[in-house]
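Step one of this worksheet: look at the structure below.
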Amino acid sequence: MRAQHLSRAAVGTVLALALAACGGGGGFSGKSSSDGGDKGTVRMLVNITPNLTQSYWEGLVKPFEQANPGVDVKIEAPTGKTVADTLPQQLAAGNAPDVVETLMADRTLAPQMLDLTDQSWTKGTPLVQEAALGGRIYTVGVGEQAQSLIFYNKTAFTKAGIAQPPTTLDELTQDMGKLKSAGYLPLQTAGDFVTGLQMLQLADPSLAQSHPQWYQDIRAKRLKVGDSMLPYLKLYKSWLDKGYLDKNAMGLKYPDSQTRFFSGKSAMYVMGSWFTASEATAKKDFEVGVFPAPVQAGQKSPGPQGATMAAPYMVLKSTKHRALALKLVQWLVTDKAAVTSQLQQDGNFRKGYDRKFTPLEQQVQQILDAAPSGVPQGEGYGDYTLPSGFNDAWNTQVQGLYVGRSPEKVASAVDEWVSAHS
């Protein structure tokens, strides 16, 4: 699940200090004097989620270990809340892993990572050029994740008299009223990272049409994040005031929000395509459907789909097992069985890879096919980025709506944060 990658709070400050301690350098070609050879332990820091469990990761890399006698891939879960919290702590302590999964290179992270531009096997991996930084490749991934999706309880829609999913935000609001009258919580949310993520996912298709050069305009100070997001903050606050969202949802953890949705008490759940993997194994007494996030009135529907790299990997420049770490990452993103397993496990997609699709995944694929384009989300990636830590800052401010902050104050606080970190 890509959701945790979206949070990189505190990385910038600590990495800046660690960079001075660890030193810089260029790309990598072949073994170096610090290379541990073809045997030894490779430490891989990974994202742990309801889909991507510790046991899943260990099972995933077992064939690699079997094919490379003397190699032990040590799977490490975050010691902080997320990988983003854990990596800077490890770097500052001089105890960084060899490989990190779930983060993507930005201007702070890139100096700590191996330059993979000259590695031929990176070519053709999903979104590799889009994630490049200054034309250099530091991050490679397994597949793509759709972000701007609304999963819904088909039984709830039928009982509420909703024949077709909404295509505009106005229609979505109207349908929420019908669902509430039918006895359902219209939209399921939660605390953790979920609150801010869902707002970004909902806004992407509209924002990409009203501000096609959004990232460039923000960086050039021609546009402010808060100002451009204010209409969506106001809409969200109106939903909260009308009881379309649970006002106590901030006490709910991400896994529990999925459980609430599957219990049949809530009608819609905004989340990325990885949710399809949870749906496939969940116990429920209704059919789940999915539709693309609606757009503003007068805009083209469907709009651009928020898209991110699924299971991004980077190799730390400080590794003592460069050749082995590179070999592992190459295997993770190019080996047919390894790629297929990761796509299947976390509900991801990749052209040219056939795997068994659930009915819900087939619907997501149709949404991806119908989208006119894909757009970065939140902090973005590659050269299209906001300051590191934006997603956490945004999430914190959005959650302020639940304790009485006005949309205007939230927007202003977001702009102050971006200005201070640009």
Side-chain angles (χ1 to χ4, degrees), residues 1-2 5 27-31 35 37-40 42-47 51-52 56-75 97-105 110 113-133 135-145 273-274 277 307-317 319 321-357 365 368 374 381-382:
M1 182 204 73
R2 178 78 167 88
H5 327 147
F28 169 69
S29 57
K31 293 184 179 181
D35 200 315
D38 295 327
K39 296 183 180 181
V42 179
R43 296 168 53 213
M44 187 163 78
L45 177 62
V46 301
N47 192 20
N51 298 337
L52 303 172
Y56 169 75
W57 284 112
E58 291 172 353
L60 173 67
V61 300
K62 191 170 184 178
F64 180 83
E65 294 173 324
Q66 293 173 335
N68 295 273
V71 172
D72 176 30
V73 180
K74 184 180 180 182
I75 300 298
D98 301 291
V99 174
V100 60
E101 183 267 347
T102 212
L103 300 179
M104 298 177 70
M113 305 300 163
L114 288 183
D115 184 343
L116 307 178
T117 308
D118 296 331
Q119 300 293 315
S120 61
W121 52 268
T122 66
K123 307 302 184 290
T125 54
L127 296 176
V128 67
Q129 291 301 327
E130 289 84 348
L133 195 63
R136 311 305 296 178
I137 296 171
Y138 301 94
T139 312
V140 289
V142 167
E144 295 183 49
Q145 291 180 330
S273 56
W274 58 84
T308 51
M309 182 183 287
Y313 293 96
M314 294 186 289
V315 178
L316 276 291
K317 190 177 292 183
T319 179
H321 299 280
R322 291 191 176 190
L324 193 53
L326 279 169
K327 188 176 183 179
L328 171 62
V329 171
Q330 178 181 358
W331 179 84
L332 285 165
V333 301
T334 63
D335 180 81
K336 192 82 172 180
V339 169
T340 302
S341 173
Q342 293 172 85
L343 294 176
Q344 185 80 34
Q345 187 71 13
D346 212 26
N348 299 319
F349 301 84
R350 181 167 175 173
K351 291 182 179 179
Y353 279 74
D354 295 326
R355 64 179 180 85
K356 185 179 179 181
F357 283 115
Q365 185 64 65
L368 284 169
Y381 43 76

### Message
Run the side chain to side chain contact (heavy atoms under 4.5 Å, CB included) test on Lys317 and Arg322 for me, step by step, so that the C-alpha distance in whole Å, both residues' side-chain angles and the decisive distance to 0.1 Å come before the verdict.
### Response
CA-CA 8 Å; Lys317 190 177 292 183; Arg322 291 191 176 190; 3.7 Å; yes
### Query
Are Leu328 and His321 side-chain neighbours, meaning at least one heavy-atom pair lies under 4.5 Å?
no
### Task
Could you give me the CA-CA distance, side-chain angles and deciding distance for Asn348 and Val142, then say whether side chain to side chain contact (heavy atoms under 4.5 Å, CB included) is met?
CA-CA 8 Å; Asn348 299 319; Val142 167; 5.7 Å; no
#### Entry: Spacing of Met314 atom CE and Leu116 atom CG [to the nearest 0.5 Å]
9.5 Å
### Message
Suppose we screen for side-chain contact (heavy atoms from CB on, under 4.5 Å). Which residues come up paired with Ala110, at least two apart in sequence or across chains?
### Response
Ala105, Leu133, Tyr138
#### Entry: Where Arg350 and Gly124 come nearest, the two heavy atoms and their spacing
NH2-O, 4.3 Å
### Task
List for me each residue that meets ring-ring contact (aromatic ring centres under 6.0 Å, His included) alongside Tyr56, sequence neighbours excluded, and say none if there are none.
none
### Summary
Sorted by chain and number, sequence neighbours left out, salt bridge (charged side-chain N to carboxylate O under 4.0 Å, His left out) with Arg43 holds for Glu76
### Message
Around atom NZ of Lys356, are there more than 12 heavy atoms from other residues, nucleotides or ligands closer than 6.0 Å?
### Response
no
### Query
Got a second to check how far Gln330's CD is from Phe64's CZ, nearest 0.5 Å?
9.0 Å
### Message
So, taking the atom named CG in Leu60 and the one named CG in Leu332, what distance separates them when rounded to the nearest 0.5 Å?
### Response
6.0 Å
### Task
Can you sort out the partners of Gln365 under side-chain contact (heavy atoms from CB on, under 4.5 Å), two or more places apart, ordered by chain and number?
Phe349, Phe357, Leu368, Asp369
## Note on the structure
Interatomic distance, OH@Tyr313 vs OG1@Thr125, rounded to 0.5 Å, equals 12.5 Å
#### Entry: Residues that Trp57 engages under ring-ring contact (aromatic ring centres under 6.0 Å, His included), provided they are two or more places apart
none
### Task
Keeping the roles fixed (side chain from Glu130, backbone from Tyr381), state whether a donor-acceptor pair exists under 3.5 Å.
no
### Query
Is the number of heavy atoms from other residues, nucleotides or ligands under 6.0 Å of Lys123 NZ greater than 12?
yes
### Message
According to side-chain hydrogen bond (donor to acceptor under 3.5 Å, both in side chains), who are the partners of Thr117, at least two apart in sequence or on a separate chain?
### Response
Asp115, Arg136
### Contact check, side chains of Val42 and Lys74, non-hydrogen atoms, under 4.5 Å
no
### Task
Start with the C-alpha gap between Gln119 and Leu114, add the side-chain angles, then the distance that decides, and say whether side chain to side chain contact (heavy atoms under 4.5 Å, CB included) holds.
CA-CA 11 Å; Gln119 300 293 315; Leu114 288 183; over 6 Å; no
### Message
Can you list everything that forms a side-chain hydrogen bond (donor to acceptor under 3.5 Å, both in side chains) with Glu144? Sequence neighbours excluded, please.
### Response
none
## Note on the structure
Heavy atoms of Ile137 and Ala132 approach each other most closely as CG1-CB, 4.5 Å
#### Entry: CG-CH2 distance between Leu52 and Trp274, expressed to the nearest 0.5 angstrom
11.0 Å
### Query
Can you name the ring-ring contact (aromatic ring centres under 6.0 Å, His included) partners of Tyr353, sequence neighbours left out?
none
### Query
Taking all non-hydrogen atoms of both residues, which atom of Gln145 and which atom of Ala310 are closest, and how far apart?
CG-CB, 3.6 Å
### Query
Which residues pass the side-chain hydrogen bond (donor to acceptor under 3.5 Å, both in side chains) test with Glu65, sequence neighbours left out?
none
### Query
In Å and rounded to the nearest 0.5 Å, what is the CG to OG1 distance from Leu127 to Thr139?
11.0 Å
